[in-house]
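Heads up, the thing below is written out as structure tokens.
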Amino acid sequence: MRRIVTAATGAVAVVAILALGIAVAGLASSGSFSGIGATTSEETTETTEKPTQTKFRAVLSTRAEVPRPKGTRPGVRGTFNLTKTDSGGSFTIAWQLGFRKLTGRAAAAHIHRGKVGKAGPVLVSLCAPCRSGQKGKANISKGVAAAIKSGRTYVNVHTARNAAGEIRGQIKKR
């Protein structure tokens, strides 16, 4: 007799659990239940963040270049404008470079990692050869984006006479 009662109790428990599961599933699909594991239309709606843009600028001169360039003329200078776009963790830059009175053709220009007065490694190649007024775009890593934002980058323009760089400027937020 005891086995029959235990079996009947077990069967009732299974039926109760199934009925509860069906009721919860019905509530979840109707959107009137927001318990654990349930989703509502609010939770499944994707949020689309607009890309954020930050503008930067550098004024390039021979005085800022390390090591000091040789044979430069008075009035040599340049400008560099950069817009960094963050699109939800992916980063791009759009830039424009201008310069005048270099000792020769601009062989290349780069963004380097480095503090004021210190030479550093190339992070982004901009152009080779370059012309004044040139524009470009590039994808950059999160690390490069952080270095630009923190002011730990500079841009310089290289010539044949000054292969290490003729003019340079620290990239700063506008």
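Nothing fancy with the numbering, it's 1 onward along the sequence. Given the structure is predicted, the values throughout are model-derived calculations rather than measurements.
Across A145 and K84, no two heavy atoms sit closer than the pair CB-CD, 3.9 Å. In plain terms, the two heavy atoms of G169 and L60 that are nearest each other are N-CG, 3.7 Å.
Residue R174 places its CZ atom among more than 12 non-hydrogen atoms of other residues, nucleotides or ligands, all under 6.0 Å distant.
Judged by distance alone, with hydrogens and angles left aside, the side-chain atoms of S132 form a donor-acceptor pair with the main-chain N or O of F99 at under 3.5 Å. Remark: the backbone N or O of A163 is paired with a side-chain donor or acceptor of H158 at under 3.5 angstrom. When atom types are taken as modelled, the side chain of Y154 and the backbone of G117 share no donor-acceptor pair closer than 3.5 angstrom.
Summarising the geometry, atom NZ belonging to K118 is positioned 16.0 Å from atom CZ belonging to R113; distances are rounded to the nearest 0.5 Å.
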Note to self: Pair S61, R77 - check side chain to side chain contact (heavy atoms under 4.5 Å, CB included), show working.
What the structure shows: CA-CA 5 Å; S61 70; R77 64 176 165 248; 5.5 Å; no
Next item on the list: Please report the C-alpha distance between V157 and E166 in whole Å, then the side-chain angles of each, then the deciding distance to 0.1 Å, and finally whether the side chain to side chain contact (heavy atoms under 4.5 Å, CB included) criterion is met.
Entry: CA-CA 6 Å; V157 178; E166 187 161 319; 5.8 Å; no
Next item on the list: Take I93 and V144 through the side chain to side chain contact (heavy atoms under 4.5 Å, CB included) test and state the conclusion after the steps.
Entry: CA-CA 10 Å; I93 58 171; V144 171; over 6 Å; no
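Results of the side chain to side chain contact (heavy atoms under 4.5 Å, CB included) test with H112 over V124, V122, I171, T153 single out V122 as the only residue that passes.
Judged purely by distance below 3.5 Å, without hydrogens or angles, the side chains of R152 and S150 pair a donor atom with an acceptor atom.
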